[in-house]
Amino acid sequence: MDTYQHTSLLLDKLEQALIAHDLWQSTSPTKEALASVEPFAVDTLSCTEWLQWIFIPKMRHLVEMKMALPMGFSIAPYVEEALKETVGQQSVLAVVLELDNLSKGVQ
């Protein structure tokens, strides 16, 4: 399995974890909220909103277009802290850690 396939699989797994724990939303945040320039859009979105509406779509776009994937990122610390008292945190965090490791070439 190449990196694009592996990334796609992990993005599907992340979406499934969010859905399984009722962390997936059916309504998009406002355009203004999505336009945040802050890291993780912390000023306008929750962690799960950022994952669903920004991270997953952008990563899927890169995969579909076979564009360069970001390397060496580490979003797990943010997800761990932001979801520390959220049901499903461990499931979501486990997938995020896999994505982090993949971006670092650790498999």
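Remember, predicted model here, so these are calculated numbers, not experimental data. Numbers here are sequence positions counted from 1.
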To the closest 0.5 Å, what do you measure between [atom1] ([X]) and [atom2] ([Y])?
X	Y	atom1	atom2	value
Lys13	Leu9	NZ	CG	7.0 Å
Leu93	Asp100	CG	CG	8.5 Å
Gln90	Glu80	CD	CD	7.5 Å
Thr86	Asp22	OG1	CG	12.0 Å
Leu97	Ser74	CG	OG	8.0 Å
Tyr78	Phe55	OH	CZ	12.0 Å

If you count every heavy atom of other residues, nucleotides or ligands that lies below 6.0 Å from [X] atom [atom1], does the total exceed 12?
X	atom1	value
Met67	CE	no
Lys31	NZ	no
Lys104	NZ	yes

For Ser91 and Ala17, indicate whether the former's side chain and the latter's backbone hold a donor-acceptor pair under 3.5 Å.
-> no
Determine yes or no for a side-chain-to-main-chain donor-acceptor pair under 3.5 angstrom, with Glu64 supplying the side chain and His61 the backbone.
-> no
Looking at every non-hydrogen atom in both residues, tell me the closest pair between [X] and [Y] and how far apart they are.
X	Y	answer
Ser103	Pro70	CB-O, 3.8 Å
Leu102	Thr3	CD2-O, 4.2 Å
Tyr4	Leu62	CE2-O, 4.1 Å
Met59	Leu11	CB-CD1, 3.6 Å

Check whether Ile54 and Val37 end up in the same hydrophobic cluster, where Ile, Leu, Val, Met, Phe, Trp and Tyr are linked by side-chain heavy atoms less than 4.5 Å apart.
-> no
Test log, rule side chain to side chain contact (heavy atoms under 4.5 Å, CB included), inputs Val92 and Val79 = CA-CA 8 Å; Val92 173; Val79 172; 4.0 Å; yes
Side chain to side chain contact (heavy atoms under 4.5 Å, CB included) between Ile56 and Leu18: does it pass, once the steps are laid out?
-> CA-CA 11 Å; Ile56 292 172; Leu18 290 167; 4.1 Å; yes
Hey, are the side chains of Leu10 and His6 touching, using non-hydrogen atoms and a 4.5 Å cut-off?
-> yes
Donor-acceptor contacts, no H, no angles, side chain residues 40-53, under 3.5 Å, sequence neighbours left out:
residue, atom, partner, partner atom, Å
Asp43, OD1, Ser36, OG, 2.5
Thr44, OG1, Ala33, O, 2.7
Ser46, OG, Thr48, OG1, 3.3
Ser46, OG, Glu49, N, 3.2
Ser46, OG, Glu49, OE1, 3.4
Glu49, OE1, Ser46, N, 2.7
Glu49, OE2, Gln25, NE2, 3.2
Gln52, OE1, Gln25, N, 2.8
Gln52, NE2, Gln25, O, 2.7

